[in-house]
Amino acid sequence: MKRIMLVVAYEGTNYCGWQVQPNGITIEGELNRALSELLGERIVVIGASRTDSGVHSYGNVAVFDTDTRIPAEKISFALNQRLPEDIVVQSSKEVLADFHPRHCNSRKTYEYRILNRSVPLPMCRRDTYFYHRALDVEKMQRAADCLVGEHDFKSFCAAAAVVETTVRTIYSLDVRRMEDIITIRVTGSGFLYNMVRIIAGTLIQIGEGRKEPESIKEILAACDRGAAGPTAPAHGLTMIGIEFGM
């Protein structure tokens with residue numbers, strides 16, 4: 001028995017998120033199906049991040065155990081022949097038998113993209129949130145700076161989430177504009193349910209002038225989901241990748 005790690009990219013528009021669900025097609029479900037067909041054994045992958053419906057990824061990570069004699073690095077090529085075109089395994093390799101992508105130190109990076117112009121662009125509709133009101137990126141960055149470090153992010157967590165602790169560490173949070181695209185890029189030790197999308201929704205309010213950048217400190221201190229801004233739509237969010245062993 002050996003453990004294989006996959007790095008998986010996907011365009012999440014047509015999926016009900018990562019995790020297997022009884023009444024919807026998911027990324028995890030498609031991987032399980034294709035791997036089981038390829039290897040001739042029942043395979044259940046373990047994912048590093050359970051991305052929501054409509055969220056995309058360049059580099060989510062999954063592992064599975066198998067008795068196959070196929071070389072680990074060859075599995076990705078064979079697997080891609082059995083997956084739909086909007087899911088592509090970027091690489092596969094053997095890892096230690098006790099490696100678990102959710103139980104080890106890691107840095108996860110996400111980007112939230114906003115098309116900020118008066119009218120939408122059809123080519124951006126799947127992976128970029130269209131917002132027509134002008135946004136002040138400098139104000140958004142000032143607010144973002146207040147979120148860097150270790151904080152209790154309860155105000156930035158979906159109210160229904162059940163977790164042991166809402167304390168997380170953000171290593172970097174940058175807001176950049178290139179022409180009409182504003183990109184919010186965040187790297188952290190881990191993220192609460194809807195945390196990045198709530199951060200994006202709050203920064204959008206600040207960029208529009210509905211909140212001041214300094215209000216971030218009050219929002220953090222409140223530890224109340226109602227204090228933060230709305231949850232930005234899922235389709236603007238993309239997981240960029242995960243670094244392990246940090």
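No experiment lies behind these values; they were computed from the predicted model shown. Both backbone and side-chain heavy atoms feed into the values below; hydrogens, waters and symmetry mates do not. In this chain, residues are counted from 1 in sequence order.
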**Flag side-chain contact, heavy atom, 4.5 Å: Val88 against Glu11** = no
**Request:** Working to the nearest 0.5 Å, report the span between CD1 of Ile216 and CE of Met140.
**Result:** 10.5 Å
**Asked** Which residues, ordered by chain and number, are linked to Ile240 in its hydrophobic cluster, where ILVMFWY side chains connect at heavy-atom gaps below 4.5 Å, directly or through other members?
**Response** Tyr58
**Item:** Donor-acceptor under 3.5 Å (Arg177 side chain, Asp136 main chain)
**Value:** no
**Prompt:** Is it true that a side-chain atom of Ser155 and a backbone atom of Cys223 form a donor plus acceptor pair closer than 3.5 Å?
**Reply:** yes
**Asked** Counting only heavy atoms not in Glu85, do more than 12 fall under 6.0 Å of its CD?
**Response** no
**Request:** Any chance you could measure Arg176, atom CZ, to Glu111, atom CD, to the nearest 0.5 Å?
**Result:** 11.5 Å
**Request:** Indicate yes or no: at least one non-hydrogen side-chain atom of Glu212 is less than 4.5 angstrom from one of Ile206.
**Result:** no
**Asked** Have Thr68 and Glu41 got a donor and an acceptor in their side chains that come within less than 3.5 Å?
**Response** no
**Message:** Let me confirm one number: the CG-CD1 distance from Leu203 to Ile184, rounded to the nearest 0.5 Å.
**Reply:** 5.0 Å
**Item:** Common cluster, Ile204/Ile181, ILVMFWY with side-chain heavy-atom separation under 4.5 Å
**Value:** no
**Prompt:** To which residues is Leu6 joined in a hydrophobic cluster, defined by side-chain heavy-atom contacts under 4.5 Å among Ile, Leu, Val, Met, Phe, Trp and Tyr, whether direct or through other members?
**Reply:** Ile4, Val8, Tyr10, Tyr15, Trp18, Ile25, Ile27, Leu31, Leu35, Leu38, Leu39, Ile43, Val45, Phe64, Ile70, Ile75, Leu79, Leu83, Ile87, Val89
**Asked** Hey, quick one: are Tyr131 and Leu115 part of the same hydrophobic cluster, counting side-chain heavy atoms closer than 4.5 Å, chains of contacts allowed?
**Response** no
**Request:** Can you tell me which residue pairs pass the ring-ring contact (aromatic ring centres under 6.0 Å, His included) test with a partner in residues 91-125, sequence neighbours excluded?
**Result:** Phe99-Phe244, His100-His103, Tyr110-Phe191
Contacts under 3.5 angstrom, residues 229-238 side chains, donor-acceptor by atom type, not counting sequence neighbours:
from: Thr231; atom 1: OG1; to: Arg225; atom 2: NH2; distance (Å): 3.1
from: His235; atom 1: NE2; to: Thr128; atom 2: O; distance (Å): 3.3

**Request:** Group every Ile, Leu, Val, Met, Phe, Trp and Tyr by side-chain heavy-atom contacts under 4.5 Å, then state whether Val44 and Val61 land in the same group.
**Result:** no
**Message:** What I'd like to find out is whether the side chain of Tyr171 reaches to under 4.5 Å of the side chain of Val148, using heavy atoms alone.
**Reply:** no
**Prompt:** Between His56 and Arg126, which heavy-atom pair has the shortest distance, and what is it?
**Reply:** NE2-O, 2.8 Å
**Message:** For the CD atom of Gln141 and the SG atom of Cys146, what is their distance to the nearest 0.5 Å?
**Reply:** 10.0 Å
**Asked** Roughly how far, to the nearest 0.5 Å, is CG of Leu173 from CG of Asp145?
**Response** 7.5 Å
**Message:** Donor-acceptor check, side chain of Ser92 to backbone of Ala72, threshold 3.5 angstrom: yes or no?
**Reply:** yes
**Message:** Tell me every residue that passes side-chain contact (heavy atoms from CB on, under 4.5 Å) with Ala161, counting only those two or more places apart in sequence or in another chain.
**Reply:** Cys157, Tyr193
**Asked** Are the side chain of Arg168 and the backbone N or O of Glu150 linked by a donor-acceptor pair below 3.5 Å?
**Response** no
**Request:** Show the numbers, then the answer: is there a side-chain hydrogen bond (donor to acceptor under 3.5 Å, both in side chains) between Asn60 and Ser49?
**Result:** CA-CA 7 Å; Asn60 204 349; Ser49 182; 4.8 Å; no
**Prompt:** For Phe77, does the CZ atom sit with more than 12 other heavy atoms under 6.0 Å from it, leaving out its own atoms?
**Reply:** no
**Request:** Would you indicate whether the side-chain heavy atoms of His151 and Val167 approach each other to under 4.5 Å?
**Result:** no
**Message:** Quick test of your reading: applying salt bridge (charged side-chain N to carboxylate O under 4.0 Å, His left out), list the pairs with at least one residue in residues 55-82, sequence neighbours left out, ordered by first then second residue.
**Reply:** Arg3-Asp65
**Heavy-atom neighbours of Met178 CE exceed 12 at 6.0 Å** = no
**Item:** All side-chain contact (heavy atoms from CB on, under 4.5 Å) counterparts of His132, not counting sequence neighbours
**Value:** Phe130
**Item:** Criterion salt bridge (charged side-chain N to carboxylate O under 4.0 Å, His left out) on Arg107 and Glu243, from CA distance to verdict
**Value:** CA-CA 5 Å; Arg107 291 177 179 240; Glu243 300 173 81; 5.5 Å; no
**Asked** So do Thr187 and Lys108 actually touch side chain to side chain, heavy atoms under 4.5 Å?
**Response** no
**Asked** Asn32: what forms a side-chain hydrogen bond (donor to acceptor under 3.5 Å, both in side chains) with it, not counting sequence neighbours?
**Response** none
**Message:** Is the shortest side-chain heavy-atom distance between Leu220 and Asp152 below 4.5 Å?
**Reply:** no
**Sequence neighbours excluded - salt bridge (charged side-chain N to carboxylate O under 4.0 Å, His left out) pairs with any residue from residues 25-35** = Glu30-Arg33, Arg33-Glu37
**Item:** Partner set under salt bridge (Lys or Arg N to Asp or Glu O under 4.0 Å) for Glu179, not counting sequence neighbours
**Value:** none
**Request:** Answer yes or no: is there a donor N or O on one side and an acceptor on the other, between the side chain of Asn194 and the main chain of Arg197, under 3.5 Å?
**Result:** no
**Separation of Leu192 CG from Thr165 OG1 (nearest 0.5 Å)** = 8.0 Å
**Item:** Partner residues of Arg117 under the side-chain hydrogen bond (donor to acceptor under 3.5 Å, both in side chains) criterion, sequence neighbours left out
**Value:** Asp180
**Item:** ILVMFWY clustering at 4.5 Å (side-chain atoms), partners of Val20
**Value:** none
